[in-house]
Amino acid sequence: MARKVEIALGVGLIVALGVVGVEFLLLGDRAVAYTPMSATTLSVRALTQPIPDSVPNAQQVKLGQYLVRVGDCASCHTREGGAFLAGGLALSTPFGTIYSTNLTSDRHTGVGDWTPDEFYAALHEGAQVHGGALYPAMPYPYTTRVARADADAILAFLKTVAPVNERRSTNELTFPFSIRALVHGWNLLFFRPGEFKPDPGKTAAWNRGAYLVTGLGHCGACHTPKNSLAADRPSESLQGGTLDNWVAPDLTANTRTGLGSWSSDDIVEYLRTGRNARANAGGSMAEVVSYSTSLLTDADLHAIATYLKEQPARPDVKPNDPDAVAMQRGAAVFSDACTACHMEEGAGQVRIFPPLRADAVSQQPDPTGVLHIILAGDRTASTTTRPTPLSMPSFAWKLTDEQIADVATYARNSWGNRAQPVNAKQVSDMRSNLALTDH
Amino acid sequence: MSDSEITRRQLLVGGALVGAACVTGAAALHDGALGAPPRTIKGAVPWREGTADVPPMVQGTAYRFFTAGEQAFIEPAIDRLIPPDETGPSASQANVHVFLDHQLAGAFGRGDHFYLGGPWPKGTPEQGYQSRLSPAQLYRTAIPAVEAYVRDQHAGKTFKELGAAEQDVVLRALESGEAKLSGADGKSFFDMFLQNVLEGYFSDPIYGGNKDMAAWKMIGFPGAHYDYREWVSRHGERVPYLTVGIKGRPGWSQG
């Protein structure tokens with residue numbers, strides 16, 4: 001999920017420089033190239049391999065390994081086909097390509113030579129070891145909340161990761177976006193460094209959840225809406241974001257779009273297995289579940305659930321009524337093309353094919369996620385408990401833009417669902433964003 | 001004819017045809033298609049965003065395989081096998097000739113799904129199609145032979161110029177094997193031709209035939225629905241599904 005943040009932040013950075021107008025932001029998603037999901041096996045093995053007690057600082061290294069799971073560092077710092085945490089993943093932005101850094105213990109190209117102070121500065125201030133600011137592709141606005149002891153533990157673990165001498169490719173940003181020093185401008189505007197401060201009025205579980213969600217876990221990087229300069233809107237924390245042609249759904253107590261109708265156990269099951277009675281983890285969240293949440297302790301998952309369950313509900317926005325004839329056409333498409341898996345009445349087949357009735361992704365105000373899934377297909381997370389990654393194929397070849405708009409409108413407004421209708425223009429825009437053709 | 005009687009010329013013509021078809025057809029292969037190389041899958045089932053196992057779809061109705069002379073035989077002949085009547089359209093009204101044409105121009109015509117190597121002893125009827133000819137070669141050699149047979153039997157007329165009853169006599173003679181063709185096995189050809197016409201009439205419209213799903217509607221077949229499990233226990237109820245093809249039905253676009 002962090003990858004998407006990086007893109008949004010990268011865009012925001014550039015806009016904040018005042019070099020280009022906001023219209024570039026609007027074009028932003030369109031130019032983002034699709035990056036295939038990296039194979040999870042290698043990273044999951046490295047993230048779960050037992051650390052022998054004979055290692056001098058075994059306890060610290062074990063903690064560091066665990067925190068690397070919490071931060072989902074592997075998603076961005078491991079490229080497809082590359083070594084664990086050796087970086088080099090290309091993060092495509094409309095302004096060029098940013099490559100993730102090498103976090104292995106290599107002394108020349110990795111963090112082998114880094115001191116704890118230098119590493120803490122990177123997490124806490126977004127400062128690079130050899131001077132200059134990190135691009136906010138790295139979610140330091142979140143990792144700034146990480147406690148010093150945890151930062152030290154992460155570095156201790158990284159120093160045990162087999163060294164890979166792999167210098168990352170030079171970022172291919174077009175001028176003037178290539179001027180790294182200009183990041184300071186963005187930082188001045190939007191970055192507030194500071195470790196997490198527990199709220200003494202809340203339970204230990206809530207505070208632990210808050211530390212994970214708003215810190216290393218950087219959930220809001222995707223799930224919090226961004227302002228026009230692509231920085232978080234603090235007042236709308238976790239109300240759902242749109243980036244890289246995906247929707248990161250509302251995580252507040254809203255019963256329609258958020259987690260209001262999910263129990264804490266539902267949240268824990270979803271994060272642990274990638275599926276529950278309400279939803280399957282797909283899109284970018286599939287990686288987050290595979291590399292991160294499925295590998296966390298029960299206590300931490302319950303803490304995350306406790307914190308999320310207390311987020312004030314996102315205010316409802318009343319959608320327009322759908323056109324009756326469009327609903328009729330949508331019902332026809334749904335009955336013929338969707339019920340094989342999602343069943344009549346959108347009941348789904350629980351923990352196999354996600355229900356669409358009362359589904360939050362379907363009812364997000366922004367239909368980006370629904371359209372992405374219909375056009376390009378989707379695959380659920382693979383986890384130890386549910387290893388088989390079920391997939392949905394692309395329907396771009398089978399359905400026209402009008403048919404996709406109608407069936408999306410139908411699914412968003414049937415069986416008790418309610419959300420803004422979709423039009424064919426939105427579908428055709430998404431089709432070109434995803435570089436999919438019509439047949 | 002028996003397969004051992006094939007002429008050198010027919011083989012050469014057929015070989016050139018197969019070569020040409022391979023050049024044009026290779027790019028169209030997809031997973032699971034006839035002639036696609038087998039793959040070994042390890043670990044997770046492969047999946048890539050934006051992809052699906054898209055069936056090869058016929059675009060337009062222009063001829064790609066049949067020559068003008070062959071068209072003059074095929075179009076009337078398919079309508080003797082499936083004539084128009086009050087229950088449904090004729091084969092040509094359902095675009096069966098388009099289906100045949102595209103099938104013969106592609107993997108089926110090349111015989112990608114057949115073993116076409118020797119030896120070629122005459123097989124028993126139970127052994128099905130036994131020939132060194134690919135389907136495209138069979139059509140290409142048999143149609144002129146049938147026309148030659150018709151000219152011989154009907155004072156120089158072509159098949160198209162015959163009345164319906166006379167055309168039926170010719171087709172029956174091919175079916176029974178009574179018609180002895182020069183340079184082609186009339187019965188092998190008729191058997192495959194009839195089979196292909198039925199396939200075109202009842203296949204999904206994306207393959208060129210069964211225009212407007214008319215053949216399916218005629219027999220009450222609801223078409224390409226994934227399954228009916230939700231209806232299995234609902235005895236006595238009429239399944240409300242309307243006839244639908246792989247690429248949909250009018251209701252998907254019309255209110």
Side-chain angles (χ1 to χ4, degrees), chain A residues 34-37 39-41 245 282-283 286 323-345 347 349 372-373 375-380 382 387-400 402-404 406-407 431 434-437 439, chain B residues 27-33 41-60 102 204-208 212-213 216-217 221-234 237-255:
Chain A
Y34 165 65
T35 314
M37 201 193 318
T40 54
T41 327
N245 299 311
D323 175 71
V325 181
M327 286 288 281
Q328 233 172 38
R329 294 188 301 255
V333 175
F334 188 86
S335 167
D336 295 334
C338 308
T339 54
C341 296
H342 295 290
M343 311 300 280
E344 299 286 349
E345 309 279 297
Q349 303 197 42
H372 191 134
I373 292 170
L375 277 165
D378 198 4
R379 179 155 75 165
T380 58
S382 169
T388 306
L390 297 165
S391 60
M392 165 165 158
S394 160
F395 279 75
W397 66 276
K398 185 175 172 106
L399 302 176
T400 64
E402 290 76 13
Q403 289 164 350
I404 290 174
D406 291 340
V407 77
R431 197 188 279 274
L434 297 171
L436 295 168
T437 52
H439 282 258
Chain B
L29 292 181
H30 63 113
D31 279 0
I41 293 168
K42 288 179 179 163
V45 176
W47 180 86
R48 214 164 174 77
E49 179 170 282
T51 61
D53 194 9
V54 184
M57 285 175 277
V58 167
Q59 310 285 353
H102 282 74
D204 193 280
I206 64 167
Y207 302 110
D212 301 329
M213 302 179 284
W216 289 353
K217 290 172 184 164
F221 176 59
H225 288 280
Y226 182 78
D227 70 39
Y228 298 87
R229 273 172 301 165
E230 289 180 275
W231 294 92
V232 168
S233 57
R234 298 169 72 163
E237 277 186 71
R238 190 167 177 81
V239 176
Y241 294 159
L242 298 177
T243 306
V244 66
I246 290 172
K247 282 284 270 179
R249 60 179 164 91
W252 286 17
S253 304
Q254 297 155 19

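In the text below, chain A, chain B and the rest are named by the order of the sequence lines, each starting its count at 1.
- Highest contact tally toward chain B, considering only L375(A), D378(A), D336(A), is held by D336(A) [criterion: heavy-atom pairs under 4.5 Å].
- Checked by atom type and distance alone, the side chain of S382(A) never pairs as donor or acceptor with a backbone atom of T388(A) at under 3.5 Å.
- Remark: H372(A) pairs with W246(A) by the ring pair (Phe, Tyr, Trp, His ring centres under 6.0 Å) rule, at least two apart or across chains.
- In this structure, the side chain of W47(B) engages the main chain of M392(A) through a donor-acceptor pair within 3.5 Å.
- Among V333(A), V325(A), T339(A), the residue making the largest number of heavy-atom pairs under 4.5 Å with chain B is V333(A).
- The side chain to side chain contact (heavy atoms under 4.5 Å, CB included) search around T243(B) returns M213(B), W216(B), K217(B), not counting sequence neighbours.
- Contact tally against chain A (heavy-atom pairs below 4.5 Å) for R229(B), R249(B), H225(B): the top residue is R249(B).
- Within 6.0 Å of CZ in F221(B) there are more than 12 heavy atoms belonging to other residues, nucleotides or ligands.
- For the set P393(A), A340(A), A324(A), the count of heavy-atom pairs under 4.5 angstrom toward chain B peaks at A340(A).
- For a residue to count as touching a neighbouring chain, one of its non-hydrogen atoms must lie under 4.5 Å from one of that chain's; by this rule E344(A) touches chain B with backbone and side chain alike.
- Looking at I206(B), neither its backbone nor its side chain comes within 4.5 Å of chain A, counting heavy atoms on both sides.
- Between the side chain of K247(B) and the backbone N or O of W397(A) there is at least one donor-acceptor pair closer than 3.5 Å.
- S253(B) touches chain A through backbone and side chain together, each having a heavy atom under 4.5 Å away.
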